[in-house]
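Chain letters run A, B, ... following the sequence lines, proteins first, then strands; residues in each count from 1.
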2 protein chains.
Amino acid sequence: MMGIADVARLAGVSKSTASRALTGAGYVSAATRERVQRAAAELGYVASTSAVSLVTGRTRNVGVVMPCVNRWFFAEVLEGIQDSLLEEGLNLTLYDAQPGTPGRRRIFEEFLSRKQFDGLIAVGLEPEDAELARLRRIGTPVVSIVGGAEGLSVIALDDDHAARRATDHLIALGHRRILFLGGGAPDGPKVAGSDVERARREGYRGAMADAGMGDLAQHVVSSLSLPSGYAAAVDVLGSRDRPTAIVGVCDEVAIGAIIAARRLGIQVPNDLSVVGIDDHEYAEMFALTTLRQAPREQGAAAVRTLLDHLADPERPPTVIRAQARLVVRNSTGPVNPRRSAAVADASLGRL
Amino acid sequence: MMGIADVARLAGVSKSTASRALTGAGYVSAATRERVQRAAAELGYVASTSAVSLVTGRTRNVGVVMPCVNRWFFAEVLEGIQDSLLEEGLNLTLYDAQPGTPGRRRIFEEFLSRKQFDGLIAVGLEPEDAELARLRRIGTPVVSIVGGAEGLSVIALDDDHAARRATDHLIALGHRRILFLGGGAPDGPKVAGSDVERARREGYRGAMADAGMGDLAQHVVSSLSLPSGYAAAVDVLGSRDRPTAIVGVCDEVAIGAIIAARRLGIQVPNDLSVVGIDDHEYAEMFALTTLRQAPREQGAAAVRTLLDHLADPERPPTVIRAQARLVVRNSTGPVNPRRSAAVADASLGRL
DNA sequence: TTGAAAGCGTTACCAG
DNA sequence: CTGGTAACGCTTTCAA
């Protein structure tokens, strides 16, 4: 095991000088620095992280907690975080805290209090009270993506606004029978993403109400996944008085609806308009109109914010709430008068 | 900052005794242990990881390197690893080493040599020679998932075998015009997954050759993603002399082909059979016949193997090569005689 | 069964 | 600009 002592000896200087030369802190003559660096390179010396951390109090390590990594949004955020961290020479310790698992409990009770990192990024966590309490007591800065909490810095999408714009877009195209697809049952059990889903549903409702169509608002339950969106849409679209437009709680659900429509012979966008929220990697393939959020950039922003907090511990928490941009593709179009009429007929029981 | 000294003081014992009581190593009377633990709990004491690592030489931390986290397979493997690690009370440090990025270079040149972890799991890395050399010199055990290398323990799928079985399944159904969809151009640039793709293509070719249909073997390029599979399949299926069956290099590509077929009005499985490799989360929704690999379990197995190496450093490397199991759903069926004839006609130029 | 003391490999402080 | 020395917080001999 090669230590800085070996480097110092080879370079013919003291440990202190070697340390200064290598870390760049403090005065060292150019010649000495050169000599020490050469020696270190020759020996393949790498400083022991534990020793450095022990004495400096910094781990050069950032913790990331998220409820899963196998969903598009989370994976993207994670890559965004990783990229930024790498640039700063910081390590990423991952905690995959799936709700309701013993692993999650352990993460909150043991791992997070180990102070193995200089700061923490929590993504879409929707922590319970006990968990939130632990988060606060961590002692290092915490930045939250998606969800927020008093006293933490937050990077999030304005979900209400996104859903509102999605709905408004459909309304502007003349749609009235607009369905909101996705999210849990109004008083079902709490699952990952349910806060987000609720906010989006509220946005949808708000837009409908503002357009004087509050009584037409309709919500069908679906998990935030493509197969689930597909299954739910098959049910919904099978009925005679089906909607002319669907707001998907997220792109995967919206795409599920498009696939369902195709299978049932319903033309998109002629007979059915579909809009999502995300701008998922599949959105383009399905020509999905959607509200773009940029998860990678959210990840990068979280790292920046965290770094700011690290540099100045007194810095008050900040909240960034981004507005999604509408990306119009080909899954939405003006309401089809024929279908519309047929629907009207159907609803009057004449067909 | 509370140290073990504070715990010791409160419990009225020495640091050594406190340490023994807390770590469980060495003799401590039950009464003392009780007292120390109570004191620790009262103070909310948590041992400093860096201090412990410094003295024990163990970080209780496992590194995981993969070329991306936003693809199904990798995300699943990652969750499998995380679950197992959590159970063992080990931390996971993630390195997302996307090929060709400066980040990747940095990971190999700086991070991996920091010895911040007790062991490393490399997933689908396909390292270049220089990278592999670094991997070997890490000094901690390395377990590889997917790819392998002399001297490392490996957990992998038998890709050749999987593709063979996929192809045999189609042959047994009477198909002759079977296309292999996916993977890079034979001598294109090296991209993530290209070794895997090559092995699967070989398996396909082998099966075709063994059935005396080697000259019918046909390969169309596609990236390992759903949109890419879709686009490639649209091209392929648009032509009059299209295949009656497709082997997708992975499920996403296969599903892309199914979606393409539907769009073109081609019935699956009546007019086209499609088989994939993976058993992706969407496979069931598309009734995709596929060869199941279990990435979570591969992750778990890698952790087990790594732990074995940690427990016994002399343990020679092991290689586990799993055989995928055929899961028959509804995307494959007997070749349709009518279409088959039409194709034969077309190929003779009579249509 | 317990305590004192010696490190683990660095950085940081203080003289020189 | 450089070298000695004291931490950093813990585990681990070694004696008692």
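Per the geometry, OH belonging to A:Tyr45 stands 6 Å off P belonging to C:dT11, to the nearest Å. Between the CG atom of B:Leu43 and the P atom of D:dG9 there is a distance of 14 Å, rounded to whole Å. The distance between atom CG of B:Leu54 and atom C1' of D:dC8, rounded to the nearest whole Å, is 9 Å. Rounded to an integer number of Å, the gap from B:Leu22 CG to D:dG9 C1' is 13 Å. Between the CZ atom of B:Arg58 and the C1' atom of D:dT12 there is a distance of 16 Å, given to the nearest Å. Counting to the nearest Å, the C1' atom of D:dC1 and the CZ atom of A:Arg35 are 12 Å from each other. Remark: P of C:dT11 and CZ of A:Arg20 are 11 Å apart, rounded to the nearest angstrom. A:Arg114 places its CZ atom 15 Å from the C1' atom of D:dC10, with the value rounded to the nearest Å.
Neither OP1 nor OP2 of C:dT10 sits under 4.0 Å from any side-chain N or O of A:Ser50. In this model, the phosphate group of C:dT2 is not approached by any side-chain N or O of B:Thr17 to a distance below 4.0 Å at OP1 or OP2. OP1 or OP2 of C:dG9 has not a single side-chain nitrogen or oxygen of A:Ser48 nearer than 4.0 Å. Regarding contacts with the backbone of C:dT10, every side-chain N or O of A:Thr56 stays at 4.0 angstrom or more from both OP1 and OP2.
Distances were taken from every side-chain heavy atom of A:Val55 (C-beta onward) to each of C:dG9, D:dT11, D:dC1; the shortest belongs to C:dG9. When distances are taken from the side chain of B:Ser19 to each of D:dT12, D:dG9, D:dG3, the shortest belongs to D:dT12. For B:Ile4, counting side-chain heavy atoms from C-beta on, the closest listed nucleotide (C:dT10, D:dC10, C:dT2) is D:dC10.
Between the side chains of A:Asp118 and A:Thr59, a donor-acceptor pair is found at a separation under 3.5 Å.
In terms of position along DNA chain D, the nucleotide closest to A:Gly26 lies nearer the 5' end than the nucleotide closest to the other residue of the pair A:Gly26 and A:Lys15. Two residues, A:Ser16 and B:Thr23, neighbour DNA chain D, and the one matched to the more 5' nucleotide by heavy-atom proximity is A:Ser16. With the nearest nucleotide of DNA chain C identified for both B:Tyr27 and B:Ala51, B:Tyr27 has the one nearer the 5' end.
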>> Run A:Leu92 and B:Tyr95 through side chain to side chain contact (heavy atoms under 4.5 Å, CB included) and show every step you take.
In response: CA-CA 7 Å; A:Leu92 189 168; B:Tyr95 300 100; over 6 Å; no
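Contact detail for A:Pro317 and A:Ser153: the closest heavy-atom pair is CA-OG, 3.3 Å.
Counting any heavy atom pair closer than 4.0 Å across all strands shown, B:Ser53 reaches no nucleic acid atom.
The 12-atom threshold is not exceeded at CZ of A:Arg38, counting heavy atoms of other residues, nucleotides or ligands nearer than 6.0 Å.
Of the possible polar contacts, one joining the A:Ser84 side chain to the A:Gly80 backbone as a donor-acceptor pair under 3.5 Å is found.
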